[in-house]
There are 2 protein chains.
Amino acid sequence: MSVQERKERERAARERLIVATARELAEEQGWDAVTTRRLAERIEYSQPVLYSHFRGKREIIGAVALEGATEMAAAMRAAAAAADGPHARVTALARAYLDFAARSPAVYDALFRLDGGLVFADEETPQPLKDAFAALLETLDEVAGDGVDPGLFTEVFWAALHGLATLSRAGRLLPEDAERRVELLVDRLAVV
Amino acid sequence: MSVQERKERERAARERLIVATARELAEEQGWDAVTTRRLAERIEYSQPVLYSHFRGKREIIGAVALEGATEMAAAMRAAAAAADGPHARVTALARAYLDFAARSPAVYDALFRLDGGLVFADEETPQPLKDAFAALLETLDEVAGDGVDPGLFTEVFWAALHGLATLSRAGRLLPEDAERRVELLVDRLAVV
DNA sequence: TCGATTGTCTAGCGGTGCTAGGATCGAAGG
DNA sequence: CCTTCGATCCTAGCACCGCTAGACAATCGA
């Protein structure tokens, strides 16, 4: 059975290569540049190989998104853990979120702007996505305020961050005020 | 000169037809379905005619966006004017914004999600976009709070609304809590 | 009436996501 | 060791995309 195991290992390695390459290409030149032909050429296989791993381009985007969700959750937890006190924790969380969106725009797009065929706010939501939301919730729970459902509060806070992230990147907000916007948002939304 | 005037009128009418048809098609089947071929067929002209009015598909999206910005500004002003007191005004504004995004998703996408070649937060920003931001500012000015720049406050509030609008439509937020999210957002952000 | 200009269309270019079908290669059985 | 056979991969091609060159017809001014 060792032969078959080796093949499966190789196959899994190639799948990781596809996802990693798609991500690279997307970060370098944007998702529009991630065509099945270019992607296939970069991994040095022909196009149909991609379709033996994924149903289509959408699923590849989804795979990048899941990978990104895990990293994002880790980044947010690390930032929150390094801060003292509720207010500082929330600020650090917000900065980490926006930082991730700014540093990895392609991954952020895969997660929240493009259609990666992922299901949200549902039982069938993949674990990494649930976990990213949980990472937000952990820190925001303590500043939701009395009588306010922490889940609801997290949704609103998340939406605000998402709005800042997307509008900033699209050049629809003045870049120099980014930090002031974060402070205003945290000061107003979080109940300390 | 009357012949030339007639021709210009007809040309302008056809341009309006293009924009209106693109919008219709986008609302019916999404922007992906708005191809130059389909659009040309619907207006009963050949493809190249589109390019005698617009540089490309992107500019058509931009035209739909500008049209939408004017309507959105009017809707927000009407909603705010019909409410009494700062808190009610801001709530009405937020509802009007989210309502517009939900009712006209294609127009909202043209405005804020797709690349319509429009410039934001700049001197060259088209008037309808400036005016839509002004409509937000007018109502939010009175609830920005002491020592907070109304423009900055408006950006943050707008970003929050944008986040709610996009995440809701993408199925990333539970639909049934929409109203509660608006209330929470307004209660926290607006200083009355 | 004739030439020039304007307007529109047909046809086609290089690209996209995706797939059918044939070639090739390696593992298992005689 | 050789042969068979199944898995694996690639070539070639589909229908569609945004966009444009160049042919053609209609209209205008001289």
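Hydrogens, waters and symmetry mates are skipped; everything else that's a heavy atom, side chains included, is used. Protein chains get the first letters and strands the later ones, always in sequence-line order, with residue 1 at the start of each.
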Study note, to complete from the structure: Residue set satisfying side chain to side chain donor-acceptor pair (under 3.5 Å) with B:Glu15, at least two apart, ordered chain then number -> B:His53
Revision key, fill the gap. Under a 4.0 Å heavy-atom cutoff, the residues of residues 45-55 of chain B touching DNA chain D are B:Gln47, B:Pro48, B:Tyr51
Point to revise | Carboxylate-amine/guanidinium proximity below 4.0 Å for B:Asp99 and B:Arg95 | key: no
Revision key, fill the gap. Separation of C:dC25 atom P from A:Glu10 atom CD, nearest Å, is 16 Å
Revision key, fill the gap. With sequence neighbours left out, the residues meeting salt bridge (charged side-chain N to carboxylate O under 4.0 Å, His left out) with B:Glu27 are none
Review point. Hey, is the side chain of B:Arg14 poking within less than 4.0 Å of OP1 or OP2 on C:dG7, counting only N and O atoms?
Key: no
For residues 72-81 of chain B, dump all side-chain donor-acceptor pairs below 3.5 Å to protein atoms at least two apart in sequence or in another chain.
residue : atom : partner  : partner atom : Å
B:Arg77 : NE   : B:Glu138 : OE1          : 2.9
B:Arg77 : NE   : B:Glu138 : OE2          : 3.2
B:Arg77 : NH1  : B:Asp131 : OD2          : 3.1
B:Arg77 : NH2  : B:Asp131 : OD1          : 3.1
B:Arg77 : NH2  : B:Glu138 : OE2          : 2.7

Point to revise | Interatomic distance where CD1 belongs to B:Ile61 and P belongs to D:dC17 [whole Å] | key: 14 Å
Check your understanding: For B:Arg188, which residues count as a side chain to side chain contact (heavy atoms under 4.5 Å, CB included) partner, sequence neighbours excluded?
Key -> A:Val148, A:Phe153, A:Leu189, A:Val191, B:Leu184
Review point. How would you label the contact of A:Arg58 with the nucleic acid (heavy atoms, under 4.0 Å): base, sugar-phosphate, or nothing?
Key: nothing
Study note, to complete from the structure: Sorted by chain and residue number, the side chain to side chain contact (heavy atoms under 4.5 Å, CB included) partners of B:Leu17 (sequence neighbours excluded) come out as B:Thr21, B:Ile43
Check your understanding: How would you list, by chain and number, every residue that makes a side chain to side chain donor-acceptor pair (under 3.5 Å) with B:Arg11, sequence neighbours excluded?
Key -> none
Review point. Under the side chain to side chain donor-acceptor pair (under 3.5 Å) test, which residues partner A:Arg42, sequence neighbours left out?
Key: A:Glu28
Check your understanding: Does any residue of residues 29-42 of chain A have a heavy atom under 4.0 Å from DNA chain C, and if so, which ones, in number order?
Key -> A:Val34, A:Thr35, A:Thr36, A:Arg37, A:Arg38
Study note, to complete from the structure: Here the distance between atom C1' of D:dA7 and atom CZ of A:Arg11, to the nearest Å, is 11 Å
